[in-house]
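Reading through the structure tokens given below for one structure.
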Number of protein chains: 2
Amino acid sequence: MRYSATHKEETRTKLLESSGNIAKTGGFDSTGIDALMAALGLTGGAFYSHFSSKQDLFAALVEREIDRSAKMLAGTPDSPSDHVSKCVRSYLSTFHAEHPESGCVLVALGAEIARSSPEVRAGVEQSLKQVQSAWTGRLGGDKGKAWAVMAQLIGALVLARVVESPRTRQQILTSSRSAVQEMTLNSPPLG
Amino acid sequence: MRYSATHKEETRTKLLESSGNIAKTGGFDSTGIDALMAALGLTGGAFYSHFSSKQDLFAALVEREIDRSAKMLAGTPDSPSDHVSKCVRSYLSTFHAEHPESGCVLVALGAEIARSSPEVRAGVEQSLKQVQSAWTGRLGGDKGKAWAVMAQLIGALVLARVVESPRTRQQILTSSRSAVQEMTLNSPPLG
DNA sequence: GTCTATAGCATGATAGAC
DNA sequence: GTCTATCATGCTATAGAC
């Protein structure tokens with residue numbers, strides 16, 4: 001064959017990465033296969049050597065995105081004790097708000113995930129539960145608090161992106177940071 | 001003319017209402033003009049008697065949706081003192097999570113609004129500020145807390161819609177309700 | 001104001017050459 | 001594995017009849 005043994009896998013990985021970034025910026029449905037392939041210097045016809053359909057790509061893409069985010073947010077057993085607050089600071093940053101292409105897939109593609117297949121949503125749910133489980137230990141054992149912190153982060157970023165003025169965007173992010181800080185300090189189960 | 005004097009306005013209103021519901025369910029970009037008009041028993045050609053382009057409809061639709069939500073959430077000066085908590089209960093309901101067509105436009109179309117024109121986003125921002133302003137007075141004067149509550153609501157609904165199992169969805173909504181309750185009770189400015 | 005017809009283009013997906 | 005060519009369909013938007 002004219003291509004190296006690992007070429008297909010490499011191309012598939014690049015395609016997932018690149019398509020993820022593009023979809024998070026312009027929407028998945030709204031972006032054509034030709035555009036996704038052109039970003040890799042390829043043509044549309046080559047797409048079907050890697051995925052059987054556009055929906056197939058969406059499933060793989062969402063799984064990859066949510067997996068990576070979940071691993072990053074969950075951290076490891078030897079992560080520092082301020083791991084969660086570090087995640088919060090970086091999640092609620094102006095950079096994140098202004099760069100959907102490298103940001104959280106739930107903020108950029110949440111609605112499209114919501115109307116996707118049960119399989120895709122089940123995978124997303126599993127990853128979210130990993131974060132919830134990891135954070136619960138760091139939030140005083142309150143399982144609900146982890147969900148609430150996640151909701152706070154996601155909602156703040158949605159708000160930050162829909163408003164027009166950078167000033168309001170900054171106020172939203174700052175307010176959300178304060179709210180999370182209060183949530184994580186006043187842990188009733190811990191007293 | 002063969003049509004009543006108010007016919008155009010009525011059709012335009014129905015079109016905004018119906019298109020809003022459809023777009024919130026299936027996405028705006030993903031839905032064709034023919035489908036939007038068919039929902040009113042009309043054909044695609046008639047669309048351009050009401051809007052000059054699909055983007056024009058989007059702008060009008062988002063403004064209508066966010067205006068209605070903002071008025072509802074902001075309430076009036078003579079709204080009961082538990083107005084905010086009533087809003088929270090209804091926003092964080094299973095019904096809302098399972099019925100995007102009648103729900104908050106920010107949850108369903110947030111990403112599409114984020115990449116729309118500055119004009120659209122400025123209108124959204126203005127409506128959000130009305131809610132923020134109205135809620136600030138009911139939340140101990142803390143301007144940031146209103147943003148945080150809004151973020152909590154929106155994020156929880158995004159999460160509730162992306163997960164697969166009704167059980168997890170319920171846990172998310174319940175956790176968010178508790179979090180908002182804590183936020184609104186422990187108001188440092190109030191003590 | 002709504003219809004049909006259509007232009008002009010983009011799309012998802014397939015077939016066959018290399 | 002990628003290319004070009006193509007099919008069938010969908011789309012936004014326009015033109016002209018009623």
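These numbers come from the heavy atoms of this one structure, side chains and all, not from hydrogens, waters or symmetry mates. Since we're looking at a predicted model, the values are computed, not measured. The sequence lines fix the lettering, A, B, ..., with proteins before strands; numbering per chain opens at 1.
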Nearest-angstrom distance from the residue atom CD1 of B:Ile33 to C1' of C:dT4: 16 Å
Selection from D:dA13, D:dT2, C:dT14 that lies nearest to any side-chain heavy atom of B:Ser53: D:dA13
Whether over 12 other heavy atoms sit under 6.0 Å from A:Gln55 CD: no
Separation of D:dT6 P from A:Tyr48 OH (nearest whole Å): 18 Å
From D:dT12, C:dA13, D:dG1, nucleotide with atom closest to A:Tyr3 side chain: D:dG1
Whole-Å distance separating the NZ atom of A:Lys14 from the P atom of D:dT2: 10 Å
d(CZ, A:Phe47; C1', C:dT11) in whole Å: 13 Å
Contact under 4.0 Å: A:Thr43 side-chain N or O vs D:dG1 OP1/OP2: no
Sugar-phosphate, base or nothing in reach of A:Gly45, heavy atoms under 4.0 Å: base
Whole angstrom value for the distance that separates C1' of D:dT2 from CZ of A:Phe51: 16 Å
Nearest-nucleotide 5' precedence on DNA chain C, B:Met37 against A:Thr31: B:Met37
Residue B:Lys54, side-chain atoms from C-beta onward, closest of D:dA13, C:dG12, D:dG1: D:dA13
Side chains of B:Thr76 and B:Ser79, donor plus acceptor under 3.5 Å: yes
Distance, rounded to the nearest Å, where B:Asp34 contributes CG and D:dA13 contributes C1': 11 Å
Side chain of B:His50 - closest among D:dT12, C:dT2, C:dT14: C:dT2
Spacing between A:Leu42 atom CG and D:dT4 atom P, to the nearest angstrom: 11 Å
Candidate list B:Gln126, B:Glu125, B:Gln132, test side chain to side chain donor-acceptor pair (under 3.5 Å), partner B:Lys129, passing option: B:Glu125
Integer-rounded Å distance: C:dT11 P and B:Asp29 CG: 12 Å
Closest to the A:His7 side chain, choosing from C:dG1, D:dT2, D:dA13: D:dT2
Note, B:Tyr91 side chain near B:Met150 side chain (heavy atom, < 4.5 Å): no
Short side-chain N/O contact to C:dG1 OP1/OP2 from B:Ser4, under 4.0 Å: no
Distance-only donor-acceptor check, side chains A:Ser175 and A:Ser178, under 3.5 Å: no
Short side-chain N/O contact to D:dT2 OP1/OP2 from A:Ser49, under 4.0 Å: no
